[in-house]
Student: 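Below: one structure in structure tokens.
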Protein chains: 2
Amino acid sequence: MMSAQGSPVRQSSVRAHNLALVLQTVANSPDPISRAAVATVTGLTRATVSALVDDLVTGGLLTEREPAPRTGAGRPAVGLAVAPDGPAGLGLEINVDYRGACVVDLAGTVRHRLVEPGDQRLAGPQEALAGLGRLAARARALAEADGLTVAGAVLAVPGLVTAGGVVRIAPNLGWQDVVVGELPGGPAMTVDNEANLAALGELDVGDLPRDFVYVSGEIGIGAGIVLDGALYRGSRGWSGEIGHIPIDPDGPACRCGARGCLEQYAGQEAVLRAAGSDTVAALAIAAAAGQAAALDALTAAGAALGTAVATVVNLLDVRTIVLGGCYASLLPWLRDGIAAEAGRRVLTAAWSPVQLRAATLGPDAAMLGAAGSVLRGVLDDPARWLSRPRP
Amino acid sequence: MMSAQGSPVRQSSVRAHNLALVLQTVANSPDPISRAAVATVTGLTRATVSALVDDLVTGGLLTEREPAPRTGAGRPAVGLAVAPDGPAGLGLEINVDYRGACVVDLAGTVRHRLVEPGDQRLAGPQEALAGLGRLAARARALAEADGLTVAGAVLAVPGLVTAGGVVRIAPNLGWQDVVVGELPGGPAMTVDNEANLAALGELDVGDLPRDFVYVSGEIGIGAGIVLDGALYRGSRGWSGEIGHIPIDPDGPACRCGARGCLEQYAGQEAVLRAAGSDTVAALAIAAAAGQAAALDALTAAGAALGTAVATVVNLLDVRTIVLGGCYASLLPWLRDGIAAEAGRRVLTAAWSPVQLRAATLGPDAAMLGAAGSVLRGVLDDPARWLSRPRP
DNA sequence: TCAAATAATTCAACCAATAAACAAATCAGC
DNA sequence: GCTGATTTGTTTATTGGTTGAATTATTTGA
């Protein structure tokens, strides 16, 4: 009778857990919140909350603010809010036609955003990474000028990433087995897939359920799978390769070597070619104008996407699909095609139809999600941040 | 900046966790294990382990046994093993052509197994459930005669089950919205999907990784998805409906209303019809004899299965697929077809090919998994069992 | 001005794990 | 057969953390 093996728990783990609980409660509250309110929300004692808050305030994660507007008698509460000068997340991205960096603070506000357009395929991995390093250094300097401490950096790339921070293959960048090193003089950096991080970004800002799949329509098609409020990366971090779900086993050849992959029906290039448009923006304009070629192309893409969505929903039983990348702006014309095919093929569609939503973050989703995932690390384990080695 | 909300942790939670850790360590050990060994394995102190073991022994979950054969000097150890007369799991199953019950103890040994063949479609839900109740009562009596206490019961059915214990639809039983009530006079019973429970059964006994997908080939095709050592049920419990993954959008009509579902290519009925065999056993004999019709049918089914497997692996990045139900015995002739198609379509196949394994538990997998899931509940939270209300 | 109400802190009590000392039981060597 | 080494298991004092009750602080309303 096997069961999952864990590690021993000591009292300090209790404190670490409750510290995170208090911090997250404050962070999730839209307004400054009192210690007493935190106590009732979390179920902890007021005494305990006071002790934990003391640690968080002296550690620079929380600050006392003006209390929320009073009501009734009694001693006025002292408001608690996340510190605006505490840790910050550095989100980085290298994509086909730009590279970027952003700084987000614990409150979730974007403090800085730097984007350099330019074809990264021509630049090659060395030059792209060097340029990214310069961008990251600038962003870090801006953050420190604000009094922020960069807690970590995460880089989003459109490709398969291994645990060790190696980009196995990023077809649309032309990268293969690229070792992403350290940020020169910077904080620790990890690398992750663009769609995964974009899904986290949408989870951070959106009103989304605990289970959803984010589908990213870029040059390739990727997906970020969020199960139970956490990203599912797969055993090797290569989950969500939705672009190569077979739609028709005898369909057109794909550059992955197989036939009939989704990318050949609903990938950006295939749709633009079928519609006769040059850019996604032009396609949206053509569709809005009612041009038949555009509408037909989008209907066909929607049907293929709907078939893939049906597969995902039948397999994972997620209720919500978030469409991002170029699909976000095209969703008005894709929606019917997706919904029709999914409604026909999802076994449970009759009782519980699939919800389709457009992503809200736009092209910065992955970069913002990358920064957010750094902050999530602090929110999930503030004890580590409090006891970090300091210069 | 949202993050998952938890509940407060007190000291008693620490004890509950460590209690589970010690119990699982003993349960996972093939031989009786000493307190000192448990301490080194878990990382807890010998003193702590002694205290926790005392609780578990007086609570009837562990017993002291003859120590394992000695080695070297020193005071001889006292062996610890899971109690053979502690809690037991009652596993129940209603399937197309039989109903069954089994009693499994904490050590994982099957203490009793009762199976009544008979077409449950003809019987109808009321009669099937009444018969199951009688079977469960007999199994429970046998367990109590052994000194076991039945800790709970889980029923496996081939269909979609909602959280409230209602069978939404079980097409092959002909059930629809069947409310599975209480077991008369028995322990609490929950209902779950057959493939899910079979996956748990294989996880319990097999040498399997923490992530795998169990594919069950019965009249329908279902899948149990195990991620990170735990069953993934989906937000409503309807995950794993692999049988209706589209293989060819213009394929034959399926009884689900769509076209070209996997079930139409690799379902038991489709394969037997194509091969001209009456039963799975006859098909296996024909294939072993090299009959062309049988081999062709299995090759075609393997290709369809391989396409579906490729979809699953591209999406979830699981390395291992366990084939159960009728596929277990037919795997020798399915393997090449599955491997070829999966190798072509899985994006990461070149670096890390998909591992195909035959299930080891045979037709009882779901029933045993059902019993095992009861015991898993005790192993995961022994504190609840120790403080249970007693008659 | 005083009582009621609410917020936050202080302090003793309790619970659980730890570390270290101690008791128990065996083996190995002479 | 005795002695010392060795390993197991228990005992005891200590530490870290939460709780609950009492206390202090600060405001509103009569």
Side-chain angles (χ1 to χ4, degrees), chain A residues 6-22 26 29 31-58 62-80 382-383 386-387, chain B residues 6-22 25-26 29 31-58 62 64-80 382-383 386-387:
Chain A
S7 43
V9 164
R10 46 203 90 256
Q11 270 107 325
S12 61
S13 331
V14 173
R15 192 164 185 82
H17 179 105
N18 288 338
L19 222 38
L21 184 62
V22 168
V26 176
S29 166
D31 300 312
I33 182 174
S34 71
R35 292 166 169 80
V38 171
T40 56
V41 167
T42 58
L44 293 164
T45 319
R46 284 195 310 236
T48 307
V49 170
S50 274
L52 294 168
V53 165
D54 276 356
D55 275 18
L56 292 169
V57 168
T58 60
L62 293 182
T63 47
E64 302 196 333
R65 317 213 125 227
E66 282 307 295
R70 288 302 321 286
T71 163
R75 172 174 168 176
V78 178
L80 294 170
L386 294 182
S387 66
Chain B
S7 43
V9 165
R10 47 203 88 257
Q11 272 102 330
S12 60
S13 329
V14 173
R15 192 164 186 83
H17 179 106
N18 287 337
L19 221 38
L21 184 63
V22 168
T25 304
V26 175
S29 166
D31 300 311
I33 183 174
S34 72
R35 290 167 170 79
V38 171
T40 56
V41 168
T42 58
L44 294 163
T45 319
R46 286 199 310 251
T48 306
V49 171
S50 275
L52 294 169
V53 165
D54 276 357
D55 275 17
L56 292 169
V57 169
T58 59
L62 293 182
E64 301 196 333
R65 319 211 124 227
E66 283 307 295
R70 288 302 321 287
T71 162
R75 170 175 168 175
V78 178
L80 295 169
L386 295 181
S387 68

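Here is the naming used below: chain letters follow the sequence lines, and residue numbers restart at 1 for every chain. Note that this is a predicted model, so its numbers are computed, not measured.
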Student: Tell me, please, which residues at least two apart from B:Val14 pass side chain to side chain contact (heavy atoms under 4.5 Å, CB included).
Tutor: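 Expected list: A:Val9, A:Val14, B:Asn18.
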
Student: Where along nucleotides 10-16 of chain D does protein come under 4.0 Å, by heavy atom, of base (B) or sugar-phosphate alone (S), with - for untouched nucleotides?
Tutor: BB----B

Student: Is any side-chain N or O of B:Asn18 closer than 4.0 Å to OP1 or OP2 of C:dA16?
Tutor: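 Negative; the distance criterion is not met.
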
Student: Between B:Ala383 and B:Ala16, what is the shortest heavy-atom contact and its length?
Tutor: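 Scanning both residues, the minimum pair turns out to be CB-CB, 4.0 Å.
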
Student: Remember a base hit wins even if backbone is also touched, and classify A:Thr48 as base, sugar-phosphate or nothing at under 4.0 Å, heavy atoms.
Tutor: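 Base, at least one base heavy atom under 4.0 Å.
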
Student: Between atom CG in A:Asp55 and atom C1' in D:dT18, what is the gap in whole Å?
Tutor: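 Result: 14 Å.
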
Student: What nucleic acid atoms does A:Val78 come within less than 4.0 Å of, heavy atoms only: base, sugar-phosphate, or nothing?
Tutor: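 The answer is sugar-phosphate, as A:Val78 gets under 4.0 Å only of primed atoms, P, OP1 or OP2.
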
Student: Could you go through residues 38-47 of chain B and list every donor-acceptor pair under 3.5 Å that involves a side-chain atom there, pairing it with any protein atom two or more places apart or in another chain?
Tutor:
residue	atom	partner	partner atom	Å
B:Thr40	OG1	B:Ala37	O	2.9
B:Thr42	OG1	B:Val38	O	2.8
B:Thr42	OG1	B:Ala39	O	3.4
B:Thr42	OG1	B:Leu44	N	3.2

Student: How long is the straight-line distance from CG of A:Leu52 back to CG of A:Leu21, given to the nearest 0.5 Å?
Tutor: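 The distance works out to 9.0 Å.
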
Student: Measure from the side-chain heavy atoms of A:Leu44 and tell me the nearest of C:dA17, D:dT8, D:dT19.
Tutor: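 Per side-chain heavy atoms of A:Leu44, the pick is D:dT19.
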
Student: How long is the line joining CZ of A:Arg10 and P of D:dT18, in whole Å?
Tutor: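 For the pair A:Arg10 CZ and D:dT18 P, the rounded distance is 16 Å.
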
Student: Side chain of A:Ala77, heavy atoms from C-beta onward: which of C:dA25, D:dT8, C:dA7 has the nearest atom to it?
Tutor: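 Among C:dA25, D:dT8, C:dA7, the one nearest the side chain of A:Ala77 is C:dA7.
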
Student: Sequence neighbours left out, what passes side-chain hydrogen bond (donor to acceptor under 3.5 Å, both in side chains) with B:Gln11? Give chain and number order.
Tutor: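 With neighbours one apart ignored, the set is empty.
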
Student: Among residues two or more places apart or on two chains, list those pairs meeting side-chain hydrogen bond (donor to acceptor under 3.5 Å, both in side chains) that have a residue in residues 48-58 of chain A.
Tutor: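 Every side-chain hydrogen bond (donor to acceptor under 3.5 Å, both in side chains) pair that includes a residue of residues 48-58 of chain A, provided the two are not neighbours, is A:Arg15-A:Asp55.
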
